[in-house]
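Below is one structure, written out as structure tokens, with a few remarks after it.
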Amino acid sequence: MLGSATAHARNRCVEVSDTVGEHVCSSYGDSWSIERKLPVTFRFGLRYAELSTDGLSFKESFKSKDRPKGYVGYSYAGEALGTPTLSGVGGDGGFTFLVVGQLYTGVDGGLALGSTRTATFTTGKHTLSDSSGVDVLFLHGGVPVGYRIPLGRASLRGEVLFGGVLAAVSQRYEVEGRRDTASATAGRWLVEPRVAGDIWFTQHVTFGAYAGVNLLDSRGHALGLTFAWHHRAFDGDMSLW
Amino acid sequence: MREDLSFARVARVIVASSSLAGISGVMGCHVGMAFAVAGSALDQPPYRAEAIAAELGPSSVRTIGCLDVGLAIYERDHRELVDVHVGNRCGHPESLDLGKLAIQGVDTAGRPRLITLHDPRNEIIPLHVGAAEKGRERFRMENAHDLTRLCFDLEAIAPDAPAARPAPLCFERHTGWLPARGGLT
């Protein structure tokens, strides 16, 4: 009773004993048993992604207060950019948890930046032209569902990422004698099957790589390198059989 | 009108998916990185075979299947405590049932006595030691006062190694508890 009275001071559990049966903040087996460890994995890494411009509908994104009253933003089809794909490099990450056996799901997302050379074209009253430097931004997010095959110190994974990708392209524009830079955004659903491989560096840490294609985009490819921390040692299983 | 409605619907879908992508993209990256780095930094290294024997001395350790199990006995505040160290040598989880640990003591008059681990919450249930994991649990032994000798029979604590026949681990009280040669007598 004394333990429970003092253990939760200021909402932070303070352990009062190091002996089983007298712990107030932990339980027997917390530090070593797989049953007491949530099968959660956190990961982050590098991602290179390509996105086809075909079929994308870009729309200028702007704040009303930054434009004259009644201003109508520009929009155009992705093909008008004059480049078949947009590409970017950046970071991605997320977390997954084992649902049953080695079947997992979770949340995954990332951000990538790139550069592209776009055509000069007119849409409505706007004339758009290439903006130098970093002018492509990708944001992607979704839910991965996958299965891990343990191969000893390595593992092979097949997964599918269900989600969406947002592409933003920055361009110079000219309208009614006014020149500025603005960005237009377009979205696409993502159904990205991936093949991934991991190497265990410790019982909790893996380095890996993946390659994926977006089934909804003929030129939508992605490659990634990942670093992951697995709360449950070897995800509970590293054996071949 | 039909076109406007269709465009509005598409725009809403795009905005919704973009927001989702943006939020989970940025969040996913940050959350994944923060927890992966923190977890890795706090990680303990994988268990190496014989590491417990190196720490406690080989006469305090038995290997049962994949598990190295080591014991250390001592007295604190007039209570007899036992530290159970366990390490999994293998790449898969191994079951450990410390509820099956059989403990017998000998008192100062030479009489045998059965000893149990203090478990008021019935916590000591069969669990699996994670692959390459190491752990330690501290138990109070009940009915363990005035003993001169303690023997721990580990034969039934590793259900995944039913054929293992580890010799009992025995300890004698001198100034403190030290590993003993031989069995209970």
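Residue numbers start from 1 in every chain, and the chains themselves are labelled A, B, ... in the order their sequence lines are given, proteins ahead of strands.
- Heavy-atom distances place both the backbone and the side chain of B/R140 under 4.5 Å from chain A.
- Between B/A131 and A/A233, the closest heavy-atom pair is O-CB, 3.3 Å.
- With a 4.5 angstrom heavy-atom cutoff, A/R47 does not touch chain B via any of its atoms.
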Please determine whether side chain to side chain contact (heavy atoms under 4.5 Å, CB included) holds for the pair B/L96 and A/W32, giving the CA-CA distance in whole Å, both sets of side-chain angles, and the decisive distance to 0.1 Å. CA-CA 11 Å; B/L96 177 70; A/W32 49 266; 3.8 Å; yes

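- For the pair B/L98/A/Y28, a side-chain contact is recorded, criterion being any heavy-atom separation below 4.5 Å from C-beta on.
- In this structure, A/E22 pairs ionically with B/R79, as a charged nitrogen and a carboxylate oxygen lie closer than 4.0 Å.
- Pairing each heavy atom of B/G130 with each of A/I34, the nearest pair is CA-CG2, 3.5 Å.
- A distance-only check finds no donor-acceptor pair linking the side chain of B/E133 to the backbone of A/S33 [under 3.5 Å].
- Within the 4.5 angstrom heavy-atom criterion, no atom of B/L117 approaches chain A.
- Interface summary for chain B: among A/A168, A/G236, A/S31, the most heavy-atom pairs under 4.5 angstrom belong to A/G236.
- Ranked by non-hydrogen atom pairs under 4.5 Å with chain A, the options B/H128, B/E123, B/K134 are led by B/H128.
- Listed here is the closest heavy atom pair of A/G29 and B/L127: CA-CD1, 3.9 Å.
- Side-chain contact between A/D18 and B/R76 is present, with at least one heavy-atom pair separated by less than 4.5 Å.
- Within the model, atoms CZ of B/R121 and OG of A/S27 stand 7.5 Å from one another, a figure rounded to the nearest 0.5 Å.
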Is there a side chain to side chain contact (heavy atoms under 4.5 Å, CB included) between B/E137 and A/H23? Walk through the geometry before answering. CA-CA 11 Å; B/E137 297 288 354; A/H23 293 152; 4.2 Å; yes

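- Atom CZ of B/R138 and atom OG1 of A/T19 lie 6.5 Å apart (nearest 0.5 Å).
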